[in-house]
Amino acid sequence: MRAFKARMKYGHCTLFMNSSVRLRFAPSPTGFFHIGSARTALFNWLYARHTGGTFVLRIEDTDLARNTPEALHVLYAGMRWLGLDWDEGPEVGGPYGPYFQSERGDIYKDYLEILRKTGRVYDQDGAVYFKVSGEVQVITDLIRGRVERLEEKDFVIFRSDGTPVFHFVNVVDDIAMKITHVVRGEDHLSNTSKHQELFKAFGAPVPEFAHLPLILKTDGPGKMSKRDRGSLVEEYINRHFLPEAVVNYLCLLGWSPKENREILPIKTIVDLFELTAINKNNAHFDAQKLVFMNAEYTRALPLEDLVARVKPVLTEAGLLEGYADGYLKEVLAIAQEKMRGIEELPVNLKSFFSDDFEYDAAAKEKVFKKGDPKARLHELKGAFALLREFNEESLEIAVKALAEEHGVSTGEYIHPARLAVSGMGIGPSFYGLLRVIGRDRVLKRIDDFIQVM
RNA sequence: CUCCCGUUCGUCUAGCCUGGUCUAGGACACUGGAUUUUCAUUCCAGUAACAGGGGUUCGAAUCCCCUACGGGAGACCA
């Protein structure tokens, strides 16, 4: 039913109500949600939604020390922020639970018994070892093709303290949860020979494998680590990125729609996504491109949506007190076209909501360098006071008239006035800025600025 | 050290499977210009790549081999 809903949601043909495709994302809660993990989750989710299959969230919390409620919260919050809803798993349940490995001890014991009966394990130093077959494992990977690897040494599947190890629980759960496609990072490719041996030892069908390329540091060696700037989903949440932009960017790291189009709605990506179209080579993380995408998405947002998303951010910054929603909407209506992200708003839009703002030093220096800004501001004051209407049209006419009268460029009015009114050298359309700030505040701010010149 | 994976503009990629249409396309970034006789937008233009060497072939970015480089894995971590 869940799969059916997913199909309806994304407008697929519903010839088949669901499919037997089952994918899982199996993170261990570490307290961080790494961008690489997020991409793995995303690709699993995409393929589940593409096929109308089932997306399972399984928590690999066998490392009890790191398994805290806070760590789980970070994970759920990140998943939900990215829009990666799971069909089975914590908080939603499902027929193959429990979905925490820490609660599946009995299942692991049962599976161990199977291996004991078939003579594939032995005990040594208190630990249980799995006997490898000695056969070369031919792994068929949807992304990499045929990969051969020989697992040479027997390996531990139960520690001497009685707890099972990753390779064992991972495979057992994939069997028990009827996972058909294992989509994970390439760092697991070398483990796959172990896993395939286990699948075969259990007499279970070997799932399809798809090993994703890794996300490498922007510069410098190695893969992104949690210490690298930009490597955590939390960071993008805190910086008020639009999740759809982050998702779109992540989709393009290792996958491409192959049609010279990059900004794609998730619905389209779900339609086009194929595991076999994923690249083999690792990709460097490019924060600049993500920022660009975020800007594109931000500017394309319907105004109402933008207002809704900005409101809590400016409220938190303490800027919205005493202002009606309508005013915020007016401000954003003129600011949106040049926005790069919501993150910059508490600073860039401060002067719309507060008289307590600083004058940008660089802009100030630039303004003082040219012409006679003081005289220009006095002229503006006079002209603004006389205007019948205080709107874009009348303001533009007035400024242009002054410029012509005094034989200077409008820039000589605009630069100092923008600085006086907003404290900044850059910003929304100048005439819109004046209109929204309003005549009284504009005049007062020009006065104030003249005082400090 | 061993095993596995990879290598197209600075970065993400298209093309590679099914050799000729590739004087290698798009995007970010960068540079220049236009518009806004401001700017963060928008528009236009430009710089820039098939890792190297050997084959196969009439012809190779595309197929094969070697080298180099990059990445990953080698735990009673996950």
Side-chain angles (χ1 to χ4, degrees), chain A residues 26-30 37 60-63 65-66 101 124-129 137 139 141 143-145 147-153 155-167 169-170 184-194 211 213-219 221-223 249 252-263 276 279-293 295-296 299 335-341 344 348 363 366-367 396 399-400 403-404 408-419 422 424-431 433:
Chain A
S28 66
T30 58
S37 299
E60 307 218 332
D61 57 348
T62 50
D63 185 352
R66 294 191 295 191
Q101 286 186 334
Q124 188 182 300
D125 301 325
V128 182
Y129 279 74
Q137 295 303 307
I139 295 146
D141 190 283
I143 296 170
R144 270 143 230 289
V147 177
E148 288 187 17
R149 208 182 114 89
L150 175 66
E151 201 59 46
E152 290 175 303
K153 289 188 300 191
F155 55 92
V156 169
I157 54 173
F158 270 78
R159 302 184 187 92
S160 48
D161 69 2
T163 59
V165 305
F166 160 74
H167 302 296
V169 294
N170 191 266
R184 72 220 315 189
E186 200 230 47
D187 48 346
H188 284 297
L189 185 55
S190 307
N191 290 329
T192 306
S193 43
K194 282 191 182 74
H211 285 92
L214 268 22
I215 299 177
L216 270 25
K217 292 178 200 286
T218 304
D219 35 43
K223 52 178 179 172
Y249 175 73
L252 263 28
L253 230 40
W255 176 83
S256 150
K258 306 189 195 307
E259 49 175 55
N260 286 352
R261 208 151 56 104
E262 298 196 320
I263 308 275
T276 50
N279 297 141
K280 297 178 178 70
N281 46 312
N282 297 340
H284 291 88
F285 187 79
D286 184 357
Q288 280 185 317
K289 188 145 188 176
L290 173 51
V291 166
F292 160 80
M293 285 216 160
E296 290 285 307
R299 292 192 288 261
Q336 182 176 21
E337 69 165 326
K338 289 175 185 173
M339 279 180 62
R340 293 186 61 75
E344 68 193 11
N348 287 7
K366 215 170 155 189
V367 159
E396 186 165 354
V399 172
K400 284 187 172 164
E404 201 164 323
V408 296
S409 75
T410 51
E412 292 202 33
Y413 291 93
I414 292 174
H415 286 301
R418 177 189 288 286
L419 183 61
S422 73
M424 301 185 65
I426 54 173
S429 131
F430 175 66
Y431 304 111
L433 167 73

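What you see is a predicted model; the values in this text were computed from it and never measured. Within every chain, numbering begins at 1; the chains are lettered A, B, ... in the order of the sequence lines, protein sequences first and strands thereafter.
- Across all strands shown, the partner of B:rU42 is B:rA34, judged by Watson-Crick or G-U wobble contacts whose two distances both fall under 3.5 Å.
- For B:rG70, the paired nucleotide is B:rC5, the pair qualifying as Watson-Crick or G-U wobble because both relevant distances are below 3.5 Å.
- At a threshold of 4.0 angstrom between heavy atoms, the contacts of A:Arg418 include nucleobase atoms, whether or not backbone atoms are also involved.
- Checking the phosphate oxygens (OP1, OP2) of B:rA40, no side-chain nitrogen or oxygen of A:Arg299 falls inside 4.0 Å.
- Rounded to whole Å, the separation between the C1' atoms of B:rC77 and B:rA68 comes to 33 Å.
- Taking atom C1' in both B:rU56 and B:rU62, one finds a spacing of 13 Å when rounded to whole Å.
- Contact between the side-chain N/O atoms of A:Ser429 and the OP1/OP2 oxygens of B:rU36 is not found at any separation under 4.0 Å.
- Look at CG on A:Asp161: it is 18 Å from P on B:rA75, rounded to the nearest Å.
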Base versus backbone protein contacts along nucleotides 45-52 of chain B [heavy-atom cut-off under 4.0 Å; B, S, -]: --------
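- Whole-Å rounding puts the A:Asp187 CG to B:rG72 P distance at 9 Å.
- For the C1' atoms, the distance from B:rC5 to B:rC9 is 24 Å, rounded to whole Å.
- Separating the P atom of B:rC22 from that of B:rC4 is a span of 38 Å, rounded to the nearest Å.
- One N or O donor and one acceptor, one from the side chain of A:Glu262 and one from the base of B:rG26, sit under 3.5 Å apart.
- Taking atom P on both B:rU41 and B:rU31, the two are 13 Å apart, rounded to the nearest angstrom.
- For A:Asn260 against B:rA27, a side-chain-to-base donor-acceptor contact under 3.5 Å is absent.
- Note: CZ (A:Arg144) to P (B:rC5) measures 9 Å, nearest angstrom.
- Listed by chain and number, the residues in a salt bridge (charged side-chain N to carboxylate O under 4.0 Å, His left out) with A:Lys217 are A:Asp228 (sequence neighbours excluded).
- Rounded to whole Å, the P atom of B:rU7 lies 14 Å from the corresponding atom of B:rC17.
- Base pairing analysis places B:rA78 opposite nothing; no Watson-Crick or G-U wobble pair with both distances below 3.5 Å involves it.
- Counting non-hydrogen atoms under 4.0 angstrom, A:Ala283 reaches the backbone sugars and phosphates but no base.
- The base of B:rA29 is not paired with the side chain of A:Lys289 by any donor and acceptor separated by under 3.5 Å.
- The distance from atom CZ of A:Arg159 to atom C1' of B:rC77 is 7 Å, rounded to the nearest whole Å.
- Between A:His211 and A:Val147 the shortest side-chain heavy-atom distance does not fall below 4.5 Å.
- Neither OP1 nor OP2 of B:rA73 sits under 4.0 Å from any side-chain N or O of A:His188.
- Backbone-only contact: A:Pro221 has heavy atoms under 4.0 Å from sugar-phosphate atoms and none from a base.
- Only the C1' atoms considered, B:rA51 is 34 Å distant from B:rC44, to the nearest whole Å.
- With C1' as the reference atom, B:rG70 and B:rU18 are 30 Å apart, rounded to whole Å.
- For A:Ser190 against B:rG72, a side-chain N or O and a base N or O form a donor-acceptor pair under 3.5 Å.
- Closest contact between the side chain of A:Ala403 and the listed nucleotides B:rA14, B:rA40, B:rU37 involves B:rU37.
- Between A:His284 and A:Leu216, the closest side-chain pair of non-hydrogen atoms falls below 4.5 Å.
- Between B:rU13 and A:Asn279, a contact under 4.0 Å exists linking OP1 or OP2 to a side-chain N or O.
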